[in-house]
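Source: prediction; values computed, not measured. Each residue takes its place number in the sequence, starting with 1.
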Amino acid sequence: MTGERDVFGALLRELRLAASLTIEALAERSGVSVRGIGDLERGRRAAPQRRTVAALADGLALAEADRERLLAAARAGRSPGYSPAGVRAFPRGIADFVGREAELAHLERLVEAEAAAPVVVAVSGAPGTGKTTLALHAARRLADRFPDGQLVLELRGTQDSPPEPAELMLGVLKALQVSDKDLAQAGPQGHPALYRRLLAERRFLLVLDDARDERQVRPLLPGAGAGLVVVTSRRMLTGLESVHRLPLGELTADEAAALLRGLVGTERAAAEPAAMEDVARRCGHLPLALRIAGNWLATRTGWSVGRLADRLALEERRLDALSAGDMRVTAAFDLSYRQLTPSAARLFRRLALIPGPDTAAPAAAELTGQALFDAEDTLEELVEAGLLGTDGDRYRLHDLLRLFARDRLAADEDAAEVEAARAALYRMLLETAVVAGRWFEPDHGAPPASWRGSVDLSDAGKAGQWLRAEGPNWLAALRAAATAGEHTTVVRLAEALHWFSDQWIFWGHWPEVFGSAARAARALGDPVLEATQLNYHAWAMLLCEGRPGDSLALSAEALEAARLAGDTAQQAWAHYYQAWAHRRLGSYAAAAEHNQLAAGLFRAVDDLHGFIQSEYARAVDLNDQGEREAAVDAFLGGLALLDELGERIAPHVADFTRRGLHAGLGNTLTKLERWDEAVTHLETAVGICRDSGNAALESLHLSQLGDALLAAGDTAAARDAFARCAGLGPDADPQRVATARARLAALDASSGGSPPAPR
């Protein structure tokens, strides 16, 4: 359709040159402006109405045949698909479209469904996500279903002075071949009614590209008819009613690879697959960044893909590297940034100080000093502007937007103020982590009455949820405190999180937390604190890392420090961890000896929490040494003791210990082939874990339960247990999940035969 417009322009130029006329001379003879003739010849303007063509023909003194040729070209240019200024049909740049199959399928379903009103779809997303590309690709794909025409209207919403709705509406009316006479007769006040009537009468596809806001879009939405309107905007356009919403994020890894491969070339991509993956990842799978990187490589055939990957690896240079000709990632980001209110721009910049991948409103409020509700409003402004993603109550900057925000922070704010904001954020994170962790400490629980934090820590569940969600952020704050030599802060946090660590065993950073705290305690010259943190570190190396030899060395250090300080309780815990490590190493006699020493020391200082743990360990030692019946009695004795102690044991410690006793009892009864009893106790252990949200231990006991059920011949129930284990998610024990999946695969392979025996 743009080609038909070009035919008229090319013919006009041909005839003008044949007449030996300049544009100025033709303008003088015809009465058509110089600019108008120039735009027509360059295809920037649609073919004119008949009277304008007649004036040009008179000015050119055309013979009848050439006059008819010019009129015919004008009629072709004014066909239903022609494009006046500001309106265009299917421009270039979408032939190499990849991905977005789910979004395209959704659009097709909307078109196929019978609708009483036009279908309006709002496509939103961050700068560079390919909103326009998707809309144009969809328009081309769906064009045959809209025989009355397809138009793309450029709303230029990111410009300082975008066109008003009345101007845009007039452009569509002219594209619909409404004559100047009819437009004048209706008058500006009648254009909206004429616009709505004409669209209602047609099966028409209209793309409103790059909308600024609802005010610009709303008058352009038809109220009746069988048309489709696709609106693209960086903003979510939340205020629009009765629209289907299609948010776009970055591409998947496979889609990003396909786009990059199409630009670079299959052979070149195949020669450096790892470098291609690096480039895609460092582009954040953002379509605009990928296209720039691909164009860069396509025009620099002497470059290896690895060379560009190395350039992109430097965070401080990455945005500069993502530019090719007049295409720059930062230019796309800057258009959105300049439209923010001052408070939103300030928060956007300061979100670069968040060390982890995402955050919530309380941390954002701390960064800017806003009240919590005000910070939430500002965050939502950034979401609405397409500069911030959400997942529940979490907010996330795209990796490239984070780099852009960091650059703006350095350019637009005083360095001292930036460091003050960072310090306030880290202080808030550490203080909140301490209060949250103390929900799980036997001698603490709920926050003190003096707590004035902005995070809801009203119960242990919420405290644990916050600690998990903000883990990368408070860990970064802890690292900063350790680097700064804030030893008391480091030890205080580690101590507060000791019991919580049992709830999140496979997080991956407990050895670092407790190792840092042990070093901090040593720097403080406090052997009791050092012994305590060394014991915690020994636990982390043993259970989280599965390294009993290293754990044994740490608990030996803890025992020495505790003896030096004369602290009986920490000596007891050091013996307890020594016993555990020896048990893992198969030294059962040594394990029993250390556990007996631990039990005596716990009893001596009336440490009931430690003593009940040592009673559980004693039963485990008996089972390991093959004394099954004695082990059953010991486990049952532990449960009876737990009931006897009652409220003297903190609730979550009691649950944790009861879980271990039931699991140990179930495993021992399995070896005695007392299947029904074994399954009952293992199911109880699983239930305790599920209720407390401890996926790590739940995966352990589901795996044990599945093995017991397999051994008992109950294949269906075993399959269910393994399936539940395999579906627990990232906090589960990865080794147990892998085992469960292997069991399921073996069950599938042997279906119809004998069930596989647990190994």
Side-chain angles (χ1 to χ4, degrees), residues 354 359-379 392-394 420-471 473-478 480-481 486-504 513-514 517 520-521 524 526 528-529 532-533 536 569 605-610 645-657 691-694:
I354 298 292
T359 191
E366 196 67 40
L367 280 172
T368 59
Q370 292 177 290
L372 182 60
F373 291 144
D374 292 337
E376 288 178 344
D377 290 343
T378 308
L379 286 165
D393 64 350
R394 309 290 297 174
R422 191 197 311 272
L425 171 67
Y426 282 10
R427 185 167 55 251
M428 170 263 185
L429 289 167
L430 292 172
E431 290 175 354
T432 306
V434 168
V435 176
R438 282 179 174 165
W439 260 111
F440 304 89
E441 288 290 300
D443 298 327
H444 290 277
S450 58
W451 167 245
R452 293 293 179 267
S454 55
V455 178
D456 182 3
L457 301 178
S458 55
D459 59 51
K462 291 176 180 176
Q465 184 179 15
W466 183 90
L467 285 167
R468 288 179 173 88
E470 294 286 350
N473 295 326
W474 63 252
L475 178 63
L478 177 69
E486 298 172 11
H487 305 309
T488 301
T489 298
V490 172
V491 172
R492 181 168 170 258
L493 178 64
E495 183 63 40
L497 295 176
H498 163 52
W499 283 97
F500 170 72
S501 61
D502 281 321
Q503 306 294 317
W504 198 20
V513 170
F514 297 127
L524 290 170
D526 189 325
V528 175
L529 287 179
T532 303
Q533 299 304 322
Y536 298 164
V605 294
D606 198 29
D607 185 339
L608 297 179
H609 293 103
L645 292 172
E647 294 183 359
R648 297 175 67 187
I649 303 293
H652 60 277
V653 178
D655 284 344
F656 187 81
T657 308
D691 292 344
S692 65
N694 194 326

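Asp456 contributes atom CG, which lies 12.5 Å from atom CH2 of Trp466 (distance to the nearest 0.5 angstrom). Atom CG of Asp691 and atom CG of Asp655 lie 8.5 Å apart (nearest 0.5 Å). Of the inter-residue distances, the one linking Arg492 atom CZ with Leu529 atom CG reads 13.0 Å to the nearest 0.5 angstrom. For the atom pair CG of Leu467 and CD of Gln503, the computed distance is 11.0 Å after rounding to the nearest 0.5 Å. To the nearest 0.5 angstrom, Asn473 atom CG is 8.0 Å from Tyr426 atom OH. With rounding to the nearest 0.5 angstrom, the OG1 atom of Thr488 is 12.5 Å from the CG atom of Leu493.
Residues Leu367 and Ala421 share a closest heavy-atom pair of O-CB, 3.8 Å. Minimum interatomic distance between Ala481 and Leu430 (heavy atoms only, all atoms of both residues): CB-CD1, 4.3 Å. Across every non-hydrogen atom of Val513 and Trp474, the tightest pair is CG2-CZ3, 4.3 Å. Nearest heavy-atom pair across Ala521 and Val491 is N-CG2, 3.8 Å. Across all non-hydrogen atoms, the minimal contact from Gln533 to Ala517 is OE1-CB, 3.2 Å. When every heavy atom of Ala360 is checked against every heavy atom of Glu470, the shortest pair comes out as N-OE2, 3.6 Å.
Around CD of Glu376, the count of heavy atoms belonging to other residues, nucleotides or ligands within 6.0 Å exceeds 12.
For Ala496, the side chain to side chain contact (heavy atoms under 4.5 Å, CB included) criterion is met by Val434, Arg438, not counting sequence neighbours. For His498, the ring-ring contact (aromatic ring centres under 6.0 Å, His included) test picks out Tyr536, with sequence neighbours left out. Residues passing the side chain to side chain contact (heavy atoms under 4.5 Å, CB included) test with Ala463, sequence neighbours excluded: Ala436, Trp439, Phe440, Leu457. Residues passing the side chain to side chain contact (heavy atoms under 4.5 Å, CB included) test with Asp459 are Lys462, sequence neighbours excluded. Asp374 is linked by a salt bridge (Lys or Arg N to Asp or Glu O under 4.0 Å) to nothing, counting only residues two or more places apart in sequence or in another chain. Remark: Trp499 pairs with no residue by the ring-ring contact (aromatic ring centres under 6.0 Å, His included) rule, at least two apart or across chains.
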Audit row: Ile649, Thr657, side chain to side chain contact (heavy atoms under 4.5 Å, CB included) steps and yes/no: CA-CA 10 Å; Ile649 303 293; Thr657 308; 5.6 Å; no

When you look at Leu425 and Ile354, which way does the side chain to side chain contact (heavy atoms under 4.5 Å, CB included) test go after all the steps? CA-CA 8 Å; Leu425 171 67; Ile354 298 292; 3.8 Å; yes

Arg468/Phe500 under side chain to side chain contact (heavy atoms under 4.5 Å, CB included): CA gap, chis, key distance, verdict: CA-CA 10 Å; Arg468 288 179 173 88; Phe500 170 72; 3.9 Å; yes

Let me see the working for Met428 and Val455 under side chain to side chain contact (heavy atoms under 4.5 Å, CB included), right down to the final yes or no. CA-CA 10 Å; Met428 170 263 185; Val455 178; 3.9 Å; yes

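Looking at His609, its side chain does come within 3.5 Å of a backbone N or O of Ala650 through a donor-acceptor pair. The backbone N or O of Ala469 sits less than 3.5 Å from a side-chain atom of Arg394, completing a donor-acceptor pair.
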